[in-house]
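Take a look at the structure set out below.
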Amino acid sequence: MRFILRRLGFYLIALLVSVTLNFMIPRLMSGDPVQLMFARFQGRMDPRAIESLYETFGFVQGPLHEQYFTYLSHLLQGDLGVSIANFPIPVTEVIAVGLGWTLRLVGLATVIAFSAGIFLGIRAAWRRGRFADSVILPITGLLSAFPYFWLAMLVLYFFALGLGWFPLGHAYSLDIHQDWSSPEYLSSVLHHMILPATTIVLTAIGGWMLGMRNNMISVLSEDYITMAQAKGLSDRRVMYTYAARNAILPSLTGFAMSLGFVLGGALLTEIVFSYPGVGYTLLTAVNTRDYPLMQGVFLMITVAVLVANLLADTMYVLLDPRVRAA
Amino acid sequence: MTQPMPTFDQARTDAEPLLSVRDLVVEYHTQRGLVRAADHVSFDLHRNEVFGLAGESGCGKSTVAHAITRILKPPAHIAGGQVLFDEVDVLKLNDDQLRDIRWRRISIVFQSAMNALSPVLTVGTQIADALQAHENGTAQMTRRQVLDRARELLDLVGIDPDRVNSYPHQLSGGMRQRVVIAIALALNPELIVMDEPTTALDVVVQKQIMDQIRELRNQFGFSILFISHDLSLMVEFSDRVGIMYAGELVEVAPSQAIFNDPQHPYTVRLMNSFPTLSGPRVELFGIPGSPPDLITPPPGCRFHPRCDVALAGRCQTERPGLQPIGARHMAACHLLDDKIVNKEDAS
């Protein structure tokens, strides 16, 4: 418990630092960033947006520390300002929509890739040189070495454009009413998810599998594995409770960290498949120079990575008793 | 070497031996070639007996122990021989039959207790595992009974039963070794193979643990196959001792005979190279040279290049076999030919 509290303290400090950086960066630009931005839009920006921009950045009249605290208090209230491109929709709302799609697509794909990779890695190490080890492992390794966008476009070209089995993009058919309780809508969402999710799983699985296999192999040579076998335990028990339980620890840290990056969206996936997730939102924000939105997305990614790290630490404590004493 | 080894223990035991190893051959496939780590090793172990296997590092004693319990890992493999446990050949058992006798009838205490316990499971879980894996063999046990038994076992080896919820890293080396012994006792096995059970521990803890093992053996009456390179410990602890050199058994005798009246030149030199725990100070001698490369072992007697009494000719060309040279005493040396007795005389 003390360990987790100490980690928590560390992450709070890291959060404060990143928030402060977020606050400082617009102020490091020479001149008034809001005026600069406004000028760049050359009259295409709603004048009312200027007010909200000033507020977003905490540009209130007064000394720097006052501005800083205004900015912090806005953050604490969950106020990230208003999106310029989508004026007057608040940044939080724009992100929330994208986040929903990203979590469903990238989150699900990451969990599937991790579970499948770990499982295959266990099998490959347990039966070295057999099917999982000598056939599946090289294939997944090859897939993860593909340039992602190329694989994604290839898949899109053949299965969506060529064969027409799957839609070309977006998260659901636009002619279906958006209603989560309607089975028609759900199946449309799933149908749109299959291609992008498959490409993510295919490219990610190799890394998890190889990592787990290698950890497993070194754990399998430990005396406690031999002893577990000599105890007459079933292969399943030895493989999962004794070997995998020890071998999975490093992979779990990687997994928790990758969950943090999930929230950042899979940029390439969302671009190739025009999937309206966080990555796509970020791309749009950059294209339209929507600074509040960009800042909001960056802040969210920072927080997500920090939370994921904390999650990794907590998980480690739960799974590895040796860390608890530290 | 292929004819059955004569038995000399009829005086001592009327029954069949509990464990009978016959012409066991274990080979390692290495990049440089085939290594015969155990070459036609044969010995018997009786009920209630402590049989010790001693020898320098790399002589094959652990290989033999691992072959008997079938926990050898590639590139090692058993190339021949029999391991009769209660008249059943362990080497011929299928996986299910093997799983059934493992721990319930033969358990193992590993060389390094530091690594014999999984770091992420509590001591209790690792004891319970052994009990529950064999539920079918013993009585059905409830979770509560399993836990009670685990506490009881810890108490037996002198550890506070409340330690059942501890993780291995929370225990000292000596305590971990005791836990490993407790796990080995869990199902009241008939044979416990102890592979250097105290090598990683300091001498004081070693003594405590050996005393504990002796006490437990008196209480439960299991047999022990004891592997050690520590001859003084071995002679003190075992009923009979087998000395191994370069993959072969070169002498088998009651430990008193090994201690007082070693016959094989290697055993003699080995005894001279060890200090005794008690007794007068004597000058110690090493054995010149080093054990042979087992990929290309020397022809004839494998010890002849290091042997100062080797005969030119015969010792260099003809391999000696284990021969009876006295009551319950066997050795493999051409120089002892005149002492060979036949079976009838010995019994």
Side-chain angles (χ1 to χ4, degrees), chain A residues 1-3 118 122 124-130 133-134 212 215-253 255 312-326, chain B residues 65-66 68-74 93 95-123 125-137 165-170 176 179-180 183-184 186-187 189 192-193 195 200:
Chain A
M1 203 54 224
R2 232 184 65 223
F3 174 79
I118 293 298
I122 294 173
W126 191 258
R127 300 207 174 281
R128 266 179 93 178
R130 303 283 281 279
D133 196 32
S134 58
M212 186 62 186
N215 289 337
M216 266 299 267
I217 284 175
S218 65
V219 166
L220 283 178
S221 64
E222 295 282 348
D223 278 354
Y224 54 78
I225 300 298
T226 314
M227 171 137 162
Q229 280 168 333
K231 279 202 287 197
L233 303 185
S234 65
D235 279 357
R236 280 180 63 89
R237 182 92 177 142
V238 178
M239 180 161 60
Y240 293 110
T241 313
Y242 283 79
R245 183 66 204 283
N246 279 290
I248 204 171
L249 295 173
S251 297
L252 269 182
T253 322
F255 176 62
D313 283 347
T314 316
M315 248 178 349
Y316 223 108
V317 170
L318 288 178
L319 288 167
D320 191 343
R322 284 165 295 184
V323 183
R324 273 176 235 167
Chain B
H66 289 187
I68 289 168
T69 45
R70 278 186 58 184
I71 53 172
L72 281 175
K73 285 182 178 165
L93 297 181
D95 285 355
D96 285 334
Q97 293 166 325
L98 187 64
R99 192 169 296 135
D100 181 55
I101 74 158
R102 277 178 165 172
W103 228 258
R104 200 168 61 78
R105 304 194 64 186
I106 305 179
S107 67
I108 308 161
V109 173
F110 279 86
Q111 190 159 10
S112 56
M114 301 297 169
N115 306 324
L117 297 170
S118 167
V120 298
L121 301 175
T122 61
V123 162
T125 308
Q126 299 189 54
I127 299 178
D129 255 349
L131 295 170
Q132 283 169 326
H134 296 276
E135 258 184 352
N136 306 335
N165 292 318
S166 295
Y167 287 93
H169 74 275
Q170 294 166 325
R176 267 182 254 184
V179 169
V180 171
I183 298 177
L187 296 162
I192 302 182
V193 176
D195 185 6

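Residue numbers begin at 1 in each chain, while the letters A, B, ... track the order of the sequences. As the structure is a computational prediction, the values presented were derived from the model and not from experiment.
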Practice problem: Mind listing the closest non-hydrogen atom pair of A/Gln229 and B/Arg102 along with its distance? | Solution: O-NH1, 3.2 Å

Exercise. Determine whether B/Arg99 and A/Asp235 make a side-chain contact, defined as any pair of heavy atoms from C-beta on separated by less than 4.5 Å.
Key: yes

Quiz item: Between B/Ser118 and chain A, which part of the residue has a heavy atom less than 4.5 Å away: side chain, backbone, both or neither?
Solution: both

Quiz item: What part of A/Leu318 lies closer than 4.5 angstrom to a heavy atom of chain B: side chain, backbone, both or neither?
Solution: neither

Quiz item: Between B/Ala133 and A/Leu233, what is the shortest heavy-atom contact and its length?
Solution: CB-CD2, 3.4 Å

Quiz item: Is there a donor-acceptor pair under 3.5 Å between the side chain of A/Lys231 and the backbone N or O of B/Gln126?
Solution: yes

Practice problem: Determine, step by step, whether B/Asp129 and A/Tyr242 satisfy the side chain to side chain contact (heavy atoms under 4.5 Å, CB included) criterion, reporting the C-alpha distance in whole Å, the side-chain angles of both residues, the deciding distance to 0.1 Å, and the verdict. | Solution: CA-CA 11 Å; B/Asp129 255 349; A/Tyr242 283 79; 2.5 Å; yes

Self-check item: Contacting region of B/Ile183 [heavy-atom separation from chain A under 4.5 Å]
Solution: side chain

Self-check item: Closest non-hydrogen atom pair between A/Leu220 and B/Lys73, with its separation
Solution: O-NZ, 3.0 Å

Practice problem: Walk me through it: do B/Val120 and A/Leu249 pass the test side chain to side chain contact (heavy atoms under 4.5 Å, CB included)? | Solution: CA-CA 10 Å; B/Val120 298; A/Leu249 295 173; 4.2 Å; yes

Quiz prompt | Residue pair B/Asn115 / A/Asp223: nearest heavy atoms and the distance that separates them | solution = O-CB, 3.3 Å

Quiz prompt | Close side-chain approach of B/Val180 to A/Met227, heavy-atom, < 4.5 Å | solution = yes

Self-check item: A/Ser221 versus chain B, the contacting section by heavy-atom distance below 4.5 Å
Solution: backbone

Exercise. Search all heavy atoms of A/Pro321 against all heavy atoms of B/Pro119 and return the closest pair with its distance.
Key: CG-O, 3.1 Å

Quiz prompt | Point-to-point distance, once rounded to the nearest 0.5 Å, from CG of B/Asp96 to OG of A/Ser234 | solution = 10.5 Å

